[in-house]
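Some notes on the structure that comes next.
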Amino acid sequence: MKKKLLTLLWLLSAFGASAQRANYNIIPLPREVKVDTTQFFTLSGGMGIAYDAGNDECCRIASFLQQWVKELTGVSLELKPGDRSAEVRLALVSPAKPKGKKKASKSPSGNDLSSSNDNLENYTMKVTAEGVEITAYAPTGLFRAVETLRKSLPVKKDSGREVLLPFVTINDQPRFAYRGVLLDCGRHFFSIDFIKQFLDVMALHGCNQFHWHLTEDQGWRFEVKALPELAEKGSIREKTVIGPARMRIYDNVPYGGYYTQEECREVVRYAAERYINVVPEIDMPGHMQSVLHVYPNLGCTGGPYPVSPNWGVMREVLCGGNPETLTFLKTVFGELCDVFPSPYIHIGGDECPKERWQKCAKCQSKIKELGLTSEPNDNGEGGRGSQDGRSAENKLQTYINHEIEQFLASRGRSIIGWDEILSGGLTENAIVMSWRGTKGGIEAARQKHRVIMSPNVYAYIDHPQLKDYSRQPRTTDSYIVSCSKMYSFEPLVPEELTEEESHSILGVQANLWTEHIAYPEHALYQLLPRLGAMSEVQWCSPEQKDFESFKARLPQLKKLYDRIGVVYCNEVE
């Protein structure tokens with residue numbers, strides 16, 4: 001009898017040891033979590049996932065969930081479409097109709113919503129004795145919920161037989177509709193496989209806008225079929241600076257690469273399956289020396305122009321007075337629209353020195369033709385390559401912006417530009433991405449323009465994240481953007497904006513520029529875990545945010561990083 005009792009106790013102990021508990025203290029933190037840690041539902045192999053078999057998106061989301069549960073815990077769930085007796089149930093429900101009519105606002109997908117993003121992205125997840133029930137108004141919400149469940153699961157070293165899920169009710173929705181991350185592929189080219197990995201990491205953190213920076217002075221990365229030489233020749237620089245620019249030390253190794261339109265469509269498809277919109281950027285009229293290398297007639301001097309081997313701001317820009325410039329741009333943006341369905345197209349507009357325009361006969365003739373005059377009015381915050389005041393040359397850039405805005409509007413698109421587009425006066429429907437601090441975004445919001453906050457001192461993840469440079473790969477040597485500093489950012493600037501003006505802030509974006517980041521591992525190291533900090537700025541309400549709480553929740557996310565095989569900085573400051 002004693003031997004049987006000991007055997008039973010051993011079996012119970014072994015059985016209990018195989019079961020690990022889920023933990024809902026995840027990143028980003030859901031809006032509302034009500035958990036009962038005294039009661040559990042046991043998730044075990046052979047249980048089912050129910051979903052609407054007639055909805056392709058629901059089928060895909062169920063498959064993601066099945067894959068992730070197996071990957072993290074070793075528990076194998078079965079797909080059981082339409083089986084309401086299954087232990088895990090995914091369901092779309094109709095939203096309750098609001099009693100009063102609310103002012104509509106634009107979602108990142110371009111749909112009108114009764115409030116910022118309730119209908120698309122909010123969800124409810126309940127764990128009870130009957131199992132796991134996830135409901136949402138749209139597949140986007142189901143996907144966000146499944147990611148929440150994924151991040152809540154224990155990461156087991158060996159295949160497990162079961163997982164204990166504490167009873168919980170989670171009601172969640174993001175604070176901001178636009179939650180972006182930029183990857184600069186102009187300075188350094190990254191493979192499609194890495195782009196997909198980057199998108200997976202974005203989705204894990206609840207981000208929904210991939211800002212793909214495709215063109216630069218140092219390389220043109222987008223195939224334009226009407227202009228085949230543009231990518232073939234404009235994508236290759238003959239050498240790259242490897243020391244401080246003033247020392248002019250180069251590697252003397254040709255560097256290049258570009259994305260075909262089919263590859264771009266593959267990225268768009270992959271991103272859409274993870275409910276991420278791809279915002280392509282063709283930066284103009286500055287940052288265009290790779291174009292001038294192929295088409296020197298589009299410059300003010302006629303060249304010759306190399307694809308730049310140096311970093312920084314180049315004085316060679318597209319000629320603002322040459323009618324061929326607009327013809328070229330409309331050809332490029334036309335094909336861009338054919339490939340990218342995004343409602344937003346980024347036109348750059350930053351760091352465009354006007355030195356050439358001031359001396360160019362064509363530019364000055366166009367300024368005279370348009371009746372443009374200079375007036376003192378500095379709406380920017382100062383920055384490399386900018387000019388203070390609403391000069392005639394800055395207004396000429398606004399004219400070009402307007403022409404492209406109208407062209408893109410005919411294709412159903414809105415333009416985004418960096419905050420320098422304020423300098424010559426904003427075009428009618430331009431969205432301002434404020435990078436030189438928040439002043440440009442504040443000014444644009446006061447002018448009733450939509451704004452994305454992306455200030456360099458809080459959101460630039462190419463900068464060091466640790467105070468000791470020796471403990472991290474070398475990037476820039478300017479200011480530090482630590483996890484804690486990024487986490488402290490408040491995008492709405494309540495002391496500067498009225499409540500109505502705050503409604504113009506679409507969201508927040510982190511930017512990964514790659515002048516000094518040439519490899520995928522380095523890119524991920526720069527990104528993580530800072531993207532976790534940024535995700536709480538993007539997702540959570542201010543009263544939810546607490547950096548000590550964030551640090552306490554971070555080890556669970558790092559275990560997931562380890563399981564999916566991504567590099568990250570293991571220190572947090």
Does Asp419 use its side chain to pair, donor to acceptor, with the backbone of Gly441 at less than 3.5 Å? no
Does Arg175 come within less than 4.0 Å of Glu121, counting only side-chain N to carboxylate O? no
Going from CD1 on Ile282 to CD1 on Ile347, what distance comes out if it is rounded to the nearest 0.5 angstrom? 11.5 Å
Passes side-chain contact (heavy atoms from CB on, under 4.5 Å), Leu506 versus Ile431? Steps please. CA-CA 9 Å; Leu506 291 177; Ile431 301 167; 4.2 Å; yes
Spatial distance of atom CE (Met433) from atom CD (Glu281) [nearest 0.5 Å]: 8.0 Å
Any sub-3.5 Å donor-acceptor pair from His449's side-chain atoms to Ala430's backbone N or O? yes
Taking the six-membered ring for Trp and the single ring otherwise, decide whether the centroids of Tyr259 and Trp212 are under 6.0 Å apart. yes
Quick one: do Tyr458 and Ser454 satisfy side chain to side chain donor-acceptor pair (under 3.5 Å)? Show the steps, please. CA-CA 7 Å; Tyr458 289 104; Ser454 190; over 6 Å; no
Between Glu443 and Lys439, is there a side-chain N and carboxylate O pair less than 4.0 Å apart? no
If we ignore hydrogens and angles and just use 3.5 Å, is the side chain of Ser365 paired with the main-chain N or O of Ala361 as donor and acceptor? no
Verify whether one side chain among Trp357 and Gln397 offers a donor that lies under 3.5 Å from an acceptor in the other. no
Please answer whether the main-chain N or O of Cys569 pairs with a side-chain N or O of Arg530 as donor and acceptor at a distance below 3.5 Å. no
Validate the cation-pi geometry between Arg60 and Phe64: distance from NZ or CZ to the six-membered ring centre under 6.0 Å, angle to the ring axis within 45°. no
Given side chains that start at C-beta, do those of Ile421 and Thr398 come closer than 4.5 Å, heavy atoms only? no
Measuring from atom SG of Cys264 to atom CD1 of Ile195, what distance do you get when rounded to the nearest 0.5 angstrom? 9.5 Å
Taking every heavy atom of Gly299 against every heavy atom of Tyr305, the minimum-distance pair comes out as CA-OH, 3.4 Å
Below 6.0 angstrom between ring centroids: does that apply to His188 and Tyr519? no
Minimum side-chain heavy-atom gap Ile461-Tyr525 below 4.5 Å: no
Which heavy atom in Gln218 sits nearest to a heavy atom in Arg187, and how many Å separate them? OE1-NE, 3.2 Å
Asp251 side, atom CG; Thr240 side, atom OG1 - distance, nearest 0.5 Å: 4.5 Å
When you check the gap from the basic side-chain N to the acidic O, do Arg315 and Asp217 get nearer than 4.0 Å? no
Pairing residues for Phe407 by the ring pair (Phe, Tyr, Trp, His ring centres under 6.0 Å) criterion, not counting sequence neighbours: none
In terms of heavy-atom contacts, Val567 and Leu528 come closest through O-CD1, 3.7 Å
Decide, yes or no, whether a salt bridge links Glu266 with Lys196 under the criterion of side-chain N to carboxylate O below 4.0 Å. yes
Derivation of the side-chain contact (heavy atoms from CB on, under 4.5 Å) call for Leu512 and Leu183: CA-CA 5 Å; Leu512 181 54; Leu183 179 63; 3.9 Å; yes
On a heavy-atom basis, which atom in Asp462 and which in Gln526 lie closest, and how many Å separate them? O-NE2, 3.4 Å
Can you label the angle between the Tyr178 ring and the Tyr344 ring as parallel, tilted or perpendicular, going by 30° and 60°? tilted
Residue pair Val241, Met247: steps toward the side-chain contact (heavy atoms from CB on, under 4.5 Å) verdict: CA-CA 9 Å; Val241 65; Met247 297 176 66; over 6 Å; no
Going through the distances and angles, do Trp435 and Glu420 end up as a side chain to side chain donor-acceptor pair (under 3.5 Å)? CA-CA 9 Å; Trp435 74 275; Glu420 284 95 330; 2.8 Å; yes
Short N-O contact, Glu223 and Lys225, less than 4.0 angstrom: yes
Using modelled atom types and a 3.5 Å cut-off, is there a donor and acceptor pairing between side-chain atoms of Thr325 and backbone atoms of Gly320? no
So, Lys395 side chain and Thr373 main chain: donor-acceptor pair closer than 3.5 Å or not? yes
When every non-hydrogen atom of Leu199 is compared with those of Ile276, the smallest separation belongs to O-CD1, 3.5 Å
Output yes when Glu216 and Arg221 qualify as a salt bridge under the 4.0 Å nitrogen-oxygen rule, no when they do not. no
With a 4.0 Å cut-off, would you call Glu316 and Arg356 a salt bridge? yes
Contacts of Ile564 that satisfy side-chain contact (heavy atoms from CB on, under 4.5 Å) - sequence neighbours left out: Glu71, Arg150, Leu204, Leu560, Val566
Taking the six-membered ring for Trp, is the centroid-to-centroid distance between Phe222 and Tyr258 below 6.0 Å? no
Is Gln289 reaching over with its side chain to a backbone N or O of Val317, donor-acceptor style, under 3.5 angstrom? no
Using 0.5 Å steps for rounding, measure from the CG atom of Leu298 to the CG atom of Leu318. 6.0 Å
Taking atom types as modelled and ignoring hydrogens, do the side chains of Gln465 and Gln472 form a donor-acceptor contact shorter than 3.5 angstrom? no
Tell me whether Asn322 contacts the main-chain N or O of Lys362 through its side chain, where contact means a donor paired with an acceptor under 3.5 Å. no
I'd like to know if the side chain of Glu403 reaches the main chain of Leu326, judged simply by a donor and an acceptor atom lying under 3.5 Å from each other, with no hydrogens or angles considered. no
Can you name the closest pair of heavy atoms from Asn511 and Leu182 and give their distance? OD1-CB, 3.2 Å
Flag the pair His346 / Trp418 as yes when their ring centroid distance falls below 6.0 Å, and as no otherwise. yes
Atom CG in Asp184, atom NE2 in His211: separation rounded to 0.5 Å? 9.0 Å
In this structure, are over 12 heavy atoms from other groups packed under 6.0 Å from Lys368 atom NZ? no
Using the six-membered ring wherever Trp is involved, compare the ring planes of His516 and Trp311 and label them parallel, tilted or perpendicular (cut-offs 30° and 60°). perpendicular
Do Leu396 and Leu370 make a side-chain contact, defined as non-hydrogen atoms from C-beta onward lying under 4.5 Å apart? yes
Between Arg413 and Glu405, is there a side-chain N and carboxylate O pair less than 4.0 Å apart? no
side-chain contact (heavy atoms from CB on, under 4.5 Å) between Arg450 and Ser414: does it pass, once the steps are laid out? CA-CA 11 Å; Arg450 291 172 289 172; Ser414 296; 3.5 Å; yes
Side chains of Gln364 and Glu393: do they bring a donor and an acceptor to under 3.5 Å? yes
Backbone of Gln209 reached by a side-chain donor or acceptor of Asn277 within 3.5 Å: no
Candidate pair His293 and Trp220, rule ring-ring contact (aromatic ring centres under 6.0 Å, His included), full reasoning: CA-CA 10 Å; His293 172 67; Trp220 182 277; over 10 Å; no
Does Lys359, at its NZ atom, have more than 12 non-hydrogen atoms belonging to other residues, nucleotides or ligands within less than 6.0 Å? no
Do the rings of His463 and Tyr460 sit parallel, tilted or perpendicular, given the 30° and 60° boundaries? parallel
